[in-house]
There are 2 protein chains.
Amino acid sequence: MVTMRDVAAEAGVSAMTVSNALTGRRPVSDATRRLVLETVERLGYQVNVAARSLRQGRTGVVGIAVPTLDSHYYSRLSHRLVLAFSRAGLATVVEETRASREGELAAFRDSRLNAYDGLVIAALGLNEPEIDALSREVPVVVLGEQELHRTVDHVSMPNVAGAEAATRLLLERGCRDLALVGFPTVDHLEEVSLPEGAAFALRARGFANVVGGAGVRARAAYAGVTQADGARCARDLLARGEVPDGIFCVTDTLAFGVVRALADHGVRVPDDVLVVGFDDVEDAQFHIPSLTSVAPDLDGLVDRTVDLLARRIATPAAEPQDVTVGYRLVERESTTRPR
Amino acid sequence: MVTMRDVAAEAGVSAMTVSNALTGRRPVSDATRRLVLETVERLGYQVNVAARSLRQGRTGVVGIAVPTLDSHYYSRLSHRLVLAFSRAGLATVVEETRASREGELAAFRDSRLNAYDGLVIAALGLNEPEIDALSREVPVVVLGEQELHRTVDHVSMPNVAGAEAATRLLLERGCRDLALVGFPTVDHLEEVSLPEGAAFALRARGFANVVGGAGVRARAAYAGVTQADGARCARDLLARGEVPDGIFCVTDTLAFGVVRALADHGVRVPDDVLVVGFDDVEDAQFHIPSLTSVAPDLDGLVDRTVDLLARRIATPAAEPQDVTVGYRLVERESTTRPR
DNA sequence: CTGAAAGCGCTTACAG
DNA sequence: CTGAAAGCGCTTACAG
């Protein structure tokens with residue numbers, strides 16, 4: 001391997017000067033810089049990042065920890081974060097936590113071990129005190145799955161407000177017999193905790209808030225997070241006898257499964273029942289029927305995340321911020337009554 | 001930060017002994033090991049990976065470079081690879097190349113710079129000689145987007161055979177007026193190169209192979225890789241006047257866009273036209289109609305990839321292997337004629 | 001603008 | 001089974 005020392009010897013300068021010519025940290029005369037760069041090119045020199053990291057204590061790498069990459073929502077979110085950090089001059093590493101406590105602890109451990117400069121984590125398994133403690137060891141931004149807390153930078157989704165808007169839309173379209181898919185109950189929400197964390201509970205709360213005073217029927221079904229789980233929820237609702245006339249699903253992924261299972265049982269969307277999802281993943285536009293969904297401001301979420309992490313890295317003691325991004329309700333065929 | 005030296009001083013042993021107690025590389029007496037581990041625990045010592053890497057020249061990290069994470073196929077593939085490498089005791093880093101030459105060169109560069117022990121790359125932009133040259137700098141396994149070549153380990157999809165099976169199914173179902181979506185032509189395939197690389201061309205070739213002797217009409221449409229691109233292809237076909245009675249799409253993602261755009265123009269699947277995709281992504285089961293698709297043996301692909309990379313890391317001079325995994329054709333509603 | 005020396009925190013020979 | 005010394009390839013003070 002070609003080292004900085006080789007380049008220095010070949011160019012007849014010191015290793016320091018090579019370093020300075022490459023990093024620009026200290027001024028180097030134009031002639032020397034040209035000589036160094038030409039020698040670097042000719043010898044095919046590549047800086048050794050392990051050595052640089054050891055010396056600097058920084059790596060220029062940010063970790064992104066998400067429950068899984070095999071998800072409509074998280075794959076897109078990861079993609080957007082990678083692009084945004086890339087624009088900010090930071091390389092990114094994506095890790096999967098499998099939505100487990102252990103996986104999330106591992107992400108924090110890896111952040112120290114591999115000397116990530118910072119970590120973005122969609123935390124589902126760890127609770128607030130744990131995150132607060134861990135966040136002292138590495139600059140971190142927590143993504144919107146926890147309730148508000150003020151000891152760590154936090155960018156969250158408009159979970160409650162978005163779910164309220166979705167539920168209101170169902171009422172406005174005339175639904176009087178609602179179902180919530182993705183949470184086990186519409187009452188005593190605070191007593192239930194799910195492997196998927198607080199986001200689902202907050203969306204359920206939004207649903208319950210609107211349903212509460214509306215004098216309509218409401219029930220709930222829960223089976224997990226996948227399309228297959230959504231299908232199971234729909235079958236569960238049908239097995240209980242009555243078909244609701246409006247369904248709010250806490251994610252689009254669940255909604256896809258719900259719509260499919262309803263079709264398998266001869267129940268049509270939107271003819272027999274209206275359906276709204278959450279996340280507005282790209283697929284929502286392409287399904288038949290296309291899916292009405294709550295579209296969180298993903299650009300805002302990503303931009304704020306990059307900003308906050310950069311600030312936290314630069315100023316470890318900065319005052320923690322708590323940001324909730326906006327949303328739009330995008331209406332499509334699944335809530336459009338046929339004429 | 002607590003260093004190995006701190007632990008050694010506290011435990012009254014040498015740094016070497018701490019290292020040996022931790023790595024197990026050399027035998028340490030039981031009593032000493034217990035003392036060291038207890039001291040490590042008490043001081044909260046964490047090994048510094050940068051220093052270890054610098055010394056060892058290895059990191060235990062494997063890079064995975066895919067065109068994008070925002071894709072039905074690549075997000076699932078990345079997920080599976082992460083799990084498989086995790087089982088093999090290797091951490092993984094996922095990078096996006098944006099399907100560009102530059103992005104792929106960067107993945108190789110990062111592999112050296114960040115001292116990945118190995119790289120898995122779905123290469124689309126680089127050609128064979130470039131990959132062959134780069135593969136001398138880092139252990140690499142190339143994923144199924146290139147034609148066969150024997151200078152680098154290579155795991156490929158059953159592109160030709162799978163596409164042939166899909167096209168044969170359309171003929172068996174009575175189609176006589178076919179369209180290929182995802183490649184610009186059905187003739188002179190070798191003269192066309194796409195940003196998406198050779199996989200699309202090989203699938204087009206499979207289509208052309210079957211159509212060739214069958215005495216049926218065939219045309220092609222190409223716009224890119226996304227669902228929106230698939231929709232554009234369908235609109236393009238419709239704009240040319242005649243509606244085909246069978247469509248083979250080189251990916252499921254394109255097929256979703258095709259089916260949606262056809263529906264927008266009142267053309268029904270499978271009533272008016274049959275559609276087959278490729279990849280068998282999870283969504284294929286949940287769309288309405290559910291999508292018939294070529295299902296490559298993803299488990300086999302992932303397992304072989306992990307095996308080959310592990311072997312290449314252990315034995316850099318090993319004879320390169322070229323593996324093509326199998327497939328199943330999964331029939332669903334999109335090719336089932338209504339009674 | 002340029003350089004010689006020291007050291008980041010480990011692990012690899014070399015000894016015993 | 002254990003240790004003192006050297007060095008992985010850089011960059012940070014300290015000098016000039």
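Only a predicted model underlies this, so the values are computations on that prediction, with no experimental measurement involved. The sequence lines fix the lettering, A, B, ..., with proteins before strands; numbering per chain opens at 1. Atoms considered below: every heavy atom in the structure, side chains included; atoms not considered: hydrogens, waters and symmetry mates.
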Original post:
For every nucleotide of nucleotides 10-16 of chain C, 5' to 3': is a protein heavy atom under 4.0 Å from its base (B), only from its sugar-phosphate (S), or from neither (-)?
Top reply: BBBBB--

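- No donor-acceptor distance shorter than 3.5 angstrom exists from the side chain of B:T32 to the backbone of B:V28, with no hydrogens or angles considered.
- Both distances falling under 3.5 Å, in either a Watson-Crick or a G-U wobble arrangement, occur for no nucleotide opposite C:dA4.
- The partner of D:dA13 cannot be assigned: no Watson-Crick or G-U wobble pair with both contacts below 3.5 Å exists in any strand.
- Put simply, A:T32 has no side-chain N or O that comes within less than 4.0 Å of OP1 or OP2 on C:dC1.
- Between B:T17 and D:dG3, a side-chain N or O to OP1/OP2 separation shorter than 4.0 Å is present.
- No donor-acceptor contact under 3.5 angstrom links the side chains of A:S75 and A:S78, judged on distance only.
- When side chains are defined from C-beta on, B:L143 counts as touching B:L77, because their heavy atoms get closer than 4.5 Å.
- Atoms CG and CG, on A:L119 and A:L309 in that order, are 8.0 Å from each other to the nearest 0.5 Å.
- One N or O on the side chain of A:S135 and one on the backbone of A:I131 form a donor-acceptor pair closer than 3.5 Å.
- The main-chain N or O of A:A15 is never found under 3.5 Å from a side-chain atom of A:S19 such that the two would form a donor-acceptor pair.
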